[in-house]
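Read the structure below first, then the notes.
Being a predicted model, the structure only gives us computed values, none of them experimental. Chain letters run A, B, ... following the sequence lines, proteins first and then strands; every chain starts at 1.
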There are 2 protein chains.
Amino acid sequence: MEELVPVLKRTKLFSGVGDENISTMLSCLGARLIKYKKGEYVLRQGEYLSDILVLAEGSLHIQKDDYWGNRSILGHIGVGEIFGEAYVAPDSGTLLNDVIAVEDSSVFFFDVKRVITTCSSACRFHTMVVQNLFFAISEKNRGLVQKLNYMSRRTTREKLISYLSEEAKKQNSSSITIPFNRQQLADYLSVDRSAMSNELGKMRDEGLLEFEKNHFRLF
Amino acid sequence: MEELVPVLKRTKLFSGVGDENISTMLSCLGARLIKYKKGEYVLRQGEYLSDILVLAEGSLHIQKDDYWGNRSILGHIGVGEIFGEAYVAPDSGTLLNDVIAVEDSSVFFFDVKRVITTCSSACRFHTMVVQNLFFAISEKNRGLVQKLNYMSRRTTREKLISYLSEEAKKQNSSSITIPFNRQQLADYLSVDRSAMSNELGKMRDEGLLEFEKNHFRLF
DNA sequence: TCCTTTCCGTTGTAAAAACAACCGACCTGT
DNA sequence: ACAGGTCGGTTGTTTTTACAACGGAAAGGA
């Protein structure tokens, strides 16, 4: 476990807590490290969860099977990412997704009770961890709300407009660079890549915008 | 302010904290009560926020104007609801939406620093409020993830299938009751009501499901 | 350099959705 | 009983999307 402490140092959960304090906190937080072989389940849909998890090594997929058995991959978890934190509330019900190891992986488990209940004053940085946890879930929240904003539009054009519009506000310029290539943008907005490319072409022809690769200019 | 304490008692933020303790906590949390006339802005897009808010009276709309000036209403805040909590992190940037009073309203402001930094032991219930806050944002998170799940499907049929499928799992039965009428369900899934009604009809004809009003049975 | 792969714009077709309009069933208040 | 309103199913038309297929530009490796 100790050899993976440097990884924890760089995570959002332990931001601002020095290495030397992390080792001390591990026991206070009830930390356990569990290793998974490629293909093994880390979490299963329908289980209850009482730990907050941090991926220390490897990579994971979040996936889901529906009532009729169709499987889809919802997302990816990389080293240092926090997950499971939205399902540890007493009334959160069971997990809705499976989490599976894409390669051999190691996961830290932190008992939520020991995380959110500040322990004795021995552990000065405990409060900071609780704050970090709150900020981390806040950040996820903001990302979800934004995406939902784009996705609730009916047409590809409207999705593009709302997305680019938001980026322009965020980057405070009508000339913006986006962090996606075409396929990724299409996936993000849940539309077909070629249809989206087509629509971008039309919008350019109509003088709404210009673009080159992942750089856009709005008019 | 005191006359609105009974409202706070029934909110998720103060769940488990007795009335008598709430009054005591208000000062410890740096609470302020601000009243708004109908039509006034409570929050503006582009502002930084350092308070967690709870609506005590009235009702609010969350709305948004895009780069080209089109306005849309994203949601509604009712009495007792917590809002703004996702934008108080130090690196959360500015607000993405406006919040406006639909009728005369009163809003409690709690300084986030005083909420998440546990105060001296005088305030036994402070820890509980922090937990409640975390659980509240968790709950929002889960709702957002679910909705995103449904909305990321390409066709109305797939959206319906994923939604009903999830409800069936949640209610642990193939016979389910949903909390929406047709228009609300269409709005929730961001599709056209009549097209959705049409699709439901086809799915029934194909033997995938049966329904009557807001009760569905899956096969 | 040549080969392969990735990226992305384009086109045509088939499928699906949006939209508008209409109708009947059911409430509710008068 | 009647008028007005809500709800939801149906239909036809138009618009938009998904899908499949292709080709050229650019990047990267052997």
First of B/F180 and B/R154 reached from the 5' end of DNA chain D, by closest nucleotide: B/F180

Roughly, in whole Å, what's the span from CE in B/M203 to P in C/dA17? 11 Å

Phosphate OP1/OP2 of D/dT10: any B/N198 side-chain N/O under 4.0 Å: no

Is the phosphate of C/dG9, meaning OP1 or OP2, less than 4.0 Å from a side-chain N or O of A/R182? yes

Taking the six-membered ring for Trp and the full ring for Phe, Tyr or His, determine whether the centres of A/F110 and A/F14 are under 6.0 Å apart. yes

How close or far is atom C1' of D/dC7 from atom CG of B/N214, stated in whole angstroms? 12 Å

Atom CG of A/L185 and atom C1' of C/dC8: how far apart are they, to the nearest Å? 12 Å

Please confirm whether the shortest side-chain N or O distance from A/T156 to OP1 or OP2 of D/dT17 is below 4.0 Å. yes

Can you check the B/L160 CG to D/dG8 C1' distance for me, whole Å? 14 Å

Between the side chains of B/K37 and B/E40, is the shortest nitrogen-to-carboxylate-oxygen separation below 4.0 Å, so that they form an ion pair? no

D/dG8 P sits how many Å from B/I178 CD1, rounded? 9 Å

What's B/S197 touching, base or sugar-phosphate or nothing? Going by heavy atoms closer than 4.0 Å. base

Are the aromatic rings of B/F134 and A/F134 close, with centres under 6.0 Å apart? no

Interatomic distance where CZ belongs to B/R204 and P belongs to D/dG9 [whole Å]: 7 Å

Please report the distance, rounded to the nearest Å, between NZ in A/K202 and P in C/dT11. 11 Å

Classify A/N181 by what it touches in the nucleic acid, base, sugar-phosphate, or nothing, heavy-atom distance under 4.0 Å. sugar-phosphate

Strictly by modelled atom types, are B/S59 and B/E103 linked by a side-chain donor-acceptor pair under 3.5 Å? yes

When you match B/R157 and A/F211 each to their closest nucleotide on DNA chain C, which lands nearer the 5' end? A/F211

Does the C/dG9 base have a donor-acceptor partner in the side chain of A/R193 within less than 3.5 Å? yes

Heavy-atom donor-acceptor pair, B/R142 side chain to A/A86 backbone, under 3.5 Å: yes

Find the distance B/D192:CG to D/dT10:C1' and express it as a whole number of Å. 13 Å

For D/dA20, does the base pair up with any side-chain atom of A/S194 as donor and acceptor (N or O, under 3.5 Å, distance only)? yes

